[in-house]
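These numbers were taken from a predicted model, which means no experiment stands behind them.
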Amino acid sequence: MKRLAIVASHVIQYQDPFFRLLAKEPDIDLTVLYCSPAGAETYRDEDMKTSLRWDIDLLQGYRYVTLRNFGFGDGYTRLINPGVIPAILFGRYDAAILMFGWGSISALLAIAACRMSQTPFFLYGDSSFPPPESSWRAKLRATFIRAIFRLASGFMNSGALNAAYYRHYGGDPKTFFLLPWAVDNERFVHESRFATGERDELRAKYGIARDRVVFLFSAKLVPRKDPLTLVRAFQRMRHRDRAAVVFMGDGELRSRLEQQTMEGVHVIGFINQRDLPRHYAMCDAFVLPSLYEPRGAVINEAMACGLPVIVTDRCGSIGDIVLEGENAFIYPAGDADALAACMDRLTSEDALRGRMARRSREIISTWDFARGVEGVKAMLNR
């Protein structure tokens, strides 16, 4: 049996089901070391400007330890967990996976503990699109990342562009193992099914006509997610009279969105996990207009609920689950005219929308936690 430690920043609703599945493997003895209890209890989300707590079962079916956090502020100082050092030094682990790699003091402490105890460690994250090394700060950052990568035993890559990111900074593809950035597909598929009439009832709750082609935005309402470009695109649609847009989420831009008087724009706020699948399935297509999106688990959720997707060319899911012309349209970030053209096509071409919706379900059905378990097992066997 192989003893595996996973060092995680906090309790993330996407990762928790994966840990449960991994813990069921008879040849893996798993311990998750959490650097923060955020996510398992009520916490303040500064981007959404609200306090929240997930309404699904977490922290069940696997062994975990919550380390005391002395962190403060943002950036590297947000997680400072001295307890990660003895946890790894005396844990006698065969390997460790550092979720979100190198972005905190605790990550550096974990790397030091792995080196001291000669525990192989593997980095895992969602980074993509390496920035230009055009300033001394950027060059210093790149030098630091390359130094960390030289210390690592390997990399758990979350997708195609994440693997390209590792390669850019010197990662050896021979040490790459796939751990897909996934969600609980089964839950979203099962809970997105409607009984007769229920879909129309949910639309009616928000004042959405049953015959509208509805485009869903599901993310934090913050500038990086660029929801205002989606509003501008909707304004410019040729088939706007047949369409509607739903903004699901919260954040600093919510008030600006609610000030929109245009017919067909609906701001419904934050929806918790249990009700998410039905709200996806209430809609017909998904749009993520982010100016930069390392990965975008909401894309997985939308696909599992059978929606075609429209994303920008700065989205880290491109190339593995986001496939241009198959289940997705990709447009230049910030280009409202290009986004409007994509939305018009999906609004006016029912057959195309149906074909892309089916393709979304096909693609996401194999991008799952089971593949992640196989990737971890391959890493441990190596």
> Is the NZ or CZ atom of R20 positioned over Y62's six-membered ring, under 6.0 angstrom from the centre and within 45° of the axis?
Replying inline: no

>> Quick check: closest heavy atoms across V214 and I208, and the distance to 0.1 Å?
In response: CG2-CG2, 3.7 Å

>> Give me each pair satisfying salt bridge (charged side-chain N to carboxylate O under 4.0 Å, His left out) with a member in residues 261-288, each pair once, sequence neighbours excluded.
In response: E198-R278, R199-D284, R203-D284, R212-E263

Acceptor/donor pairs from residues 332-346 side chains to any protein atom, 3.5 angstrom cut, sequence neighbours excluded:
from: D335; atom 1: OD1; to: D337; atom 2: N; distance (Å): 3.2
from: D335; atom 1: OD1; to: A338; atom 2: N; distance (Å): 3.0
from: D337; atom 1: OD1; to: R236; atom 2: NH1; distance (Å): 3.1
from: D344; atom 1: OD1; to: R238; atom 2: N; distance (Å): 3.2
from: D344; atom 1: OD1; to: H239; atom 2: N; distance (Å): 2.9
from: D344; atom 1: OD2; to: R238; atom 2: N; distance (Å): 3.0
from: R345; atom 1: NE; to: E349; atom 2: OE2; distance (Å): 3.4

>> Show the nearest heavy-atom pair for residues R361 and S192, with the distance to one decimal.
In response: NH2-OG, 4.1 Å

>> Within the supplied structure, the quantity of interest is the number of heavy atoms (other residues, nucleotides, ligands) at a distance under 6.0 Å from E326 CD; does it exceed 12?
In response: yes

> Is there a side-chain contact between F286 and P308 (heavy atoms, below 4.5 Å)?
Replying inline: no

> If you take all heavy atoms of Y93 and A87, which pair is closest and at what distance?
Replying inline: CE1-O, 3.4 Å

>> Whether E25 and K377 form a salt bridge (side-chain N of Lys/Arg under 4.0 Å from carboxylate O of Asp/Glu) is what I want to check.
In response: yes

>> Which heavy atom of A8 sits nearest to which heavy atom of V32, and what is that distance?
In response: CB-CG1, 4.3 Å

> Between F177 and R382, is there a cation-pi geometry (under 6.0 Å to ring centre, at most 45° from the normal)?
Replying inline: no

> Quick check: are there more than 12 heavy atoms from other residues, nucleotides or ligands sitting under 6.0 Å from CZ of R63?
Replying inline: yes

>> Working to the nearest 0.5 angstrom, can you tell me the gap between N185 CG and E301 CD?
In response: 10.0 Å

> Using the ring of each side chain (for Trp, its six-membered ring), is W102 parallel, tilted or perpendicular to Y166, with breaks at 30° and 60°?
Replying inline: perpendicular

>> How long is the straight-line distance from OG of S106 back to CG of L67, given to the nearest 0.5 Å?
In response: 7.5 Å

>> Nearest 0.5 Å, please: how far is CD1 in I97 from CG in L22?
In response: 7.0 Å

>> Counting only heavy atoms not in R256 (residues, nucleotides, ligands), do more than 12 fall under 6.0 Å from its CZ?
In response: no

> Looking at Y169, F121, F149, which one forms a ring-ring contact (aromatic ring centres under 6.0 Å, His included) with F155?
Replying inline: F149

>> Just to verify, which of F270, Y206, F217 counts as forming a ring-ring contact (aromatic ring centres under 6.0 Å, His included) with F247?
In response: F217

> Are more than 12 heavy atoms from other residues, nucleotides or ligands located less than 6.0 Å from atom CZ of R224?
Replying inline: yes

> Given the rule in the side chain to side chain donor-acceptor pair (under 3.5 Å) test, do N157 and Y165 qualify, once you have shown the distances and angles that lead to the verdict?
Replying inline: CA-CA 9 Å; N157 64 284; Y165 183 93; over 6 Å; no

>> Ignoring hydrogens, what is the shortest heavy-atom contact between D57 and D16? Give both atom names and the distance.
In response: O-OD2, 3.9 Å

